[in-house]
Amino acid sequence: MTFFAAIYSMNRLLTQLLLLVSVLAFTIKASADDRWETLRAINWVENPTNHTRMGRFGELGPYQFRPGTWRMHTRKPFQLAVQREAADEVAVIHYEWIKDRLQAAGVDASPFNIAMAWNTGVENVINGRAPSVSYNYAERVVNLVNTFHQRALAAAEAAPRARPVA
């Protein structure tokens, strides 16, 4: 093998490796983006004004956690549910918990089903017993997720593009 053939072969291997890493990074980013967009939408539906007072069912914070749900995922005091950092941390854990339960039951872990499970409980979604109010809730969440996606695409299209170096 000549020197140039070896360089060409290494270059080709490096290109394939970079392509694989890019695909994996995009997949991981898309998954994280879906999670954050879904959680952002849940926050907007649950507590659009970010009030800090307790709800009539004992729910608290940007995601309107109930005490039992909060305690399921953290040992932090429930009063911290009004603090954004603590609420986001528990929201991610709860989101992943819902997603894992849905997938284990063979149910699509779409933003719609995750939002519905957030509202009515995972078992109700798995068993097809979600009340119509939960369907409406999930539709509102998905509409917001779609709006967030459209805004992100519009912002990406409007961003100046780097010119390739000749």
Side-chain angles (χ1 to χ4, degrees), residues 17-156:
L17 182 62
L18 287 173
L19 180 61
L20 177 62
V21 168
S22 297
V23 168
L24 289 173
F26 176 77
T27 303
I28 291 168
K29 183 176 179 351
S31 176
D33 284 349
D34 285 347
R35 178 180 62 207
W36 280 112
E37 288 171 347
T38 303
L39 288 174
R40 181 177 170 204
I42 287 170
N43 170 222
W44 281 30
V45 172
E46 289 284 355
N47 192 355
T49 61
N50 281 325
H51 65 79
T52 56
R53 62 193 177 280
M54 191 169 285
R56 65 181 179 167
F57 299 109
E59 63 275 9
L60 198 57
Y63 302 99
Q64 294 294 278
F65 287 111
R66 290 190 179 183
T69 303
W70 182 266
R71 282 192 290 274
M72 225 170 78
H73 302 300
T74 186
R75 293 181 184 257
K76 293 179 181 179
F78 182 58
Q79 294 77 11
L80 291 181
V82 297
Q83 293 182 0
R84 191 60 193 224
E85 188 175 321
D88 284 347
E89 182 181 313
V90 173
V92 168
I93 295 167
H94 190 55
Y95 175 99
E96 292 298 329
W97 181 85
I98 290 171
K99 181 179 167 189
D100 291 346
R101 297 305 171 286
L102 292 174
Q103 289 174 336
V107 176
D108 182 29
S110 65
F112 183 88
N113 286 335
I114 289 173
M116 198 161 40
W118 194 284
N119 183 259
T120 191
V122 175
E123 290 304 316
N124 285 337
V125 175
I126 290 170
N127 295 322
R129 293 188 312 231
S132 61
V133 68
S134 293
Y135 279 91
N136 294 339
Y137 172 93
E139 286 175 351
R140 290 170 43 214
V141 168
V142 168
N143 287 339
L144 285 168
V145 168
N146 290 336
T147 298
F148 300 152
H149 278 295
Q150 290 169 355
R151 286 182 184 167
L153 287 173

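FYI, side chains are in, hydrogens and waters are out, and symmetry mates aren't considered; it's all heavy atoms of this structure. Bear in mind the structure is a predicted one, so any value in this text is a computation, not a measurement.
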Fill in the blank from the handout: Here the pair of heavy atoms bringing Ile98 nearest to Ala117 is CG2-CB, 3.6 Å
Practice task
Looking only at non-hydrogen atoms, find the nearest pair between His73 and Ile93 and report the distance.
Solution key: ND1-CG2, 3.4 Å
Completion exercise
So CH2 of Trp118 and OG1 of Thr69: to nearest 0.5 Å the spacing works out to 8.5 Å
Can you give me every donor-acceptor pair (side chain of residues 56-65, partner residue at least two apart or in another chain, under 3.5 Å) with its distance?
| residue | atom | partner | partner atom | Å |
| --- | --- | --- | --- | --- |
| Glu59 | OE1 | Phe57 | N | 3.0 |
| Tyr63 | OH | Arg84 | NH2 | 3.4 |
| Tyr63 | OH | Asp88 | OD1 | 2.6 |
| Gln64 | NE2 | Gly61 | O | 2.6 |

Problem - Contact check, side chains of Trp36 and Leu39, non-hydrogen atoms, under 4.5 Å - result: yes
Handout entry: Heavy-atom donor-acceptor pair, Asp100 side chain to Ala104 backbone, under 3.5 Å
Key = no
Handout entry: Heavy-atom closest contact (Leu102 atom, Ala109 atom, distance)
Key = CD1-CA, 4.2 Å
Exercise for the section: Please name all residues satisfying side chain to side chain donor-acceptor pair (under 3.5 Å) with Thr74, sequence neighbours left out, ordered by chain then number. Expected result: none
Practice task
Find out whether Val92 and Arg35 are in side-chain contact, i.e. whether some heavy atom of one side chain is under 4.5 Å from a heavy atom of the other.
Solution key: yes
Exercise for the section: Heavy atoms only: give me the nearest Arg129-Glu123 pair and the separation to one decimal. Expected result: NH2-O, 4.5 Å
Throw together a table of side-chain donor-acceptor distances under 3.5 angstrom for residues 131-140, partners on residues two or more places apart or in other chains.
| residue | atom | partner | partner atom | Å |
| --- | --- | --- | --- | --- |
| Ser134 | OG | Asn119 | OD1 | 2.6 |
| Tyr137 | OH | Glu46 | OE2 | 2.8 |

Exercise for the section: With rounding to the nearest 0.5 Å, note down the distance linking CG in Asn113 to CZ in Arg101. Expected result: 15.5 Å
Problem - From Trp44 atom CH2 to Thr49 atom OG1, the distance as rounded to the nearest 0.5 Å - result: 13.0 Å
Practice task
For residues Lys76 and Glu89, determine if any side-chain heavy atom of one lies less than 4.5 Å from a side-chain heavy atom of the other.
Solution key: yes
Practice task
Considering non-hydrogen atoms only, spot the tightest contact between Val145 and Glu37 and give its length.
Solution key: CG2-O, 3.7 Å
Fill in the blank from the handout: Correct closest heavy-atom pair for Ala105 and Ile126 would be CB-CD1, 3.6 Å
